[in-house]
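Whatever order the structure lists ligands and atoms in, that order sets their numbers, starting from 1. Since we're looking at a predicted model, the values are computed, not measured.
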Amino acid sequence: MKNTGLKIASLGSGSSGNATLISSGKTLLLLDCGFALKEIVARCAELSVSLQRLDGVLVTHEHSDHVRGLGPLVRKYAIPLWITHGTYRSLRDSKIGPVNLINAHESFDIGDIHIVPFPTPHDAAESCQFVFSTPNARFACVTDLGVPTAHITSTIADCDALLVESNYDEKMLRQGPYPPSLQARIRSDFGHLGNEQAGDLVRRVDSSRLETVLLGHLSEKNNAPDVARDTVARYIERSERLTVLEQHSVSEWFSVSRDDRLHVPDTDHESLITTA
Ligand SMILES: [Zn+2]
Ligand SMILES: [Zn+2]
């Protein structure tokens, strides 16, 4: 059996919309759908990906920056959905169709991708995040959490790639436009990770394996890409592996593989793409 890796691309990341593509070459998944369907279609087209090829959508929680286009997407394309019971109930969308309800402590597979969910402390009904793995790659998304719990740090410990939340710079948040109550909510253990917390979390992950660090979910009001990058870079040894994801544009595909000789073959990946 071929040991495939993973490829990851962000369709956009930030406080006003989040969506990420994860591909094994054989299986293509969408993590969250926080843009209107038209925007999702347009952003996927920039990567030459057709939504008909999606094997599943996973949803982390019910906040609009993660589910804005979800209902229209699953209805139009009949894409299977994986979601916790609490998030499903909170969508209040009776027409969302059949769903795969998940337990945030039980792993499952979609195609050839193994998925380990983990609960996140956040001001949502039953939020979670995921580790995606193939025999040759492990990628974790860690956004929308107020604090990394011990369970989270151990679950993501040996990942090759991380998408980690770097939501705010403490000084910019303090001096920014948000009222004290909203600032407190963001800083709380059920809010978001700031730049310093992101750096500290990355530092705690096994650096012998970690090759790719994507900083995401930046606030456009309380953070700036260079501030986030510089802060997190202070915590890690090799800052060249850091990429700050953007809210308004699609990223490149990031290859994740434990063995450089076994990157996801482009030919396999292109079989997921339609140019028509
Ligand atoms: Zn969010
Ligand atoms: Zn949220």
- [ ] For the pair Phe132 and Phe130, name the ring-plane relationship: parallel under 30°, tilted 30 to 60°, perpendicular over 60°.
- [x]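 Plane angle between 30° and 60°, so tilted.
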
Open item on the list: Parallel, tilted or perpendicular: which one describes the rings of His122 and His192, with boundaries at 30° and 60°?
Closed with: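 Taking His192 first and then His122, their aromatic rings stand perpendicular (interplane angle over 60°).
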
Task: Side-chain ion pair, Asp200 and Arg203, N-O less than 4.0 Å - done: yes

Open item on the list: So that I can tick it off, tell me whether Asp206 and Arg138 are bridged by a salt bridge, with the cut-off set at under 4.0 angstrom between side-chain N and carboxylate O.
Closed with: no

Open item on the list: For a 4.5 angstrom cut-off between non-hydrogen side-chain atoms, does Ile156 reach Leu201?
Closed with: yes

Open item on the list: I'd like to verify the contacts: list protein N, O or S atoms under a distance of 2.8 Å from the Zn ion (ligand 1).
Closed with: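 Asp65 OD2, His66 NE2, Asp144 OD2, His217 NE2, with waters left out.
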
Open item on the list: Regarding Thr60 and Asp32, do their side chains bring together a donor and an acceptor under 3.5 Å, going by distance alone?
Closed with: yes

